[in-house]
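Encoded as structure tokens, the structure appears first; notes follow it.
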Amino acid sequence: MGSVTQSPQPEPTPDYLLNTPLAQLLTEFGVRVSVLEVEPGFTGWACVQADGGMLFVRPAGRPDAEWEIVARSMLGQALGVPLPPPPEPYRVTEL
């Protein structure tokens with residue numbers, strides 16, 4: 001009997017992260033999203049867990065366009081894919 005192996009998934013490119021529908025990206029990379037009521041000015045938070053899974057926190061009631069920017073920026077940072085900086089006033093900070 002032969003064995004079956006999976007080919008390693010190619011590293012995502014900046015173009016892929018910026019142009020693929022966000023829902024598809026979150027599913028593909030196993031990102032869980034939790035929506036929380038938070039203080040004004042908070043736009044998102046990401047945690048890469050020990051098992052490699054990711055958890056993103058999305059503020060409730062914020063615009064979808066804002067979430068697109070923030071989630072893609074956080075995903076790029078978490079995956080080590082260099083993306084252009086988000087527009088002002090947004091920024092990604094690693095703690």
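Heads up: numbering here begins at 1 and tracks the sequence.
Note: the hydrophobic cluster containing L18 also contains I69 (ILVMFWY, side chain heavy atoms under 4.5 Å, direct or indirect links). Note: the hydrophobic cluster containing L79 also contains L25 (ILVMFWY, side chain heavy atoms under 4.5 Å, direct or indirect links).
Applying the side chain to side chain donor-acceptor pair (under 3.5 Å) test to every pair with at least one member in residues 56-65, sequence neighbours left out, gives these pairs: R58-D64, R62-E66. For residues 30-52, no pair satisfies salt bridge (Lys or Arg N to Asp or Glu O under 4.0 Å), with sequence neighbours left out. Counting only residues at least two apart or in different chains, salt bridge (Lys or Arg N to Asp or Glu O under 4.0 Å) contacts with residues 67-87 comprise E68-R72.
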Start with the C-alpha gap between V35 and W67, add the side-chain angles, then the distance that decides, and say whether side-chain contact (heavy atoms from CB on, under 4.5 Å) holds. CA-CA 11 Å; V35 179; W67 178 242; over 6 Å; no
What's the verdict on side-chain contact (heavy atoms from CB on, under 4.5 Å) for F29 and L17, showing C-alpha distance, side-chain angles and the deciding distance? CA-CA 11 Å; F29 293 102; L17 292 184; 4.2 Å; yes
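Here the side chains of W45 and L55 are in contact, with some heavy-atom distance below 4.5 Å. Side-chain contact between F56 and V70: absent, with no pair of heavy atoms (C-beta onward) separated by less than 4.5 Å.
For the pair S73 and V92, the tightest heavy-atom approach, listed with the atom from each and the gap, is CB-CG2, 3.4 Å. When all heavy atoms of V38 and P59 are compared, the closest pair comes out as CG2-CB, 3.6 Å.
Between atom CG of residue L75 and atom CG of residue L83 there is a gap of 8.0 Å, rounded to the nearest 0.5 Å. With rounding to the nearest 0.5 Å, the separation of CG in D15 from OG1 in T20 is 7.5 Å.
A side-chain N or O of E28 and one of Y16 form a donor-acceptor pair less than 3.5 Å apart.
Of the candidates Q77, M74, M54, M54 is the only one forming a side-chain contact (heavy atoms from CB on, under 4.5 Å) with V48.
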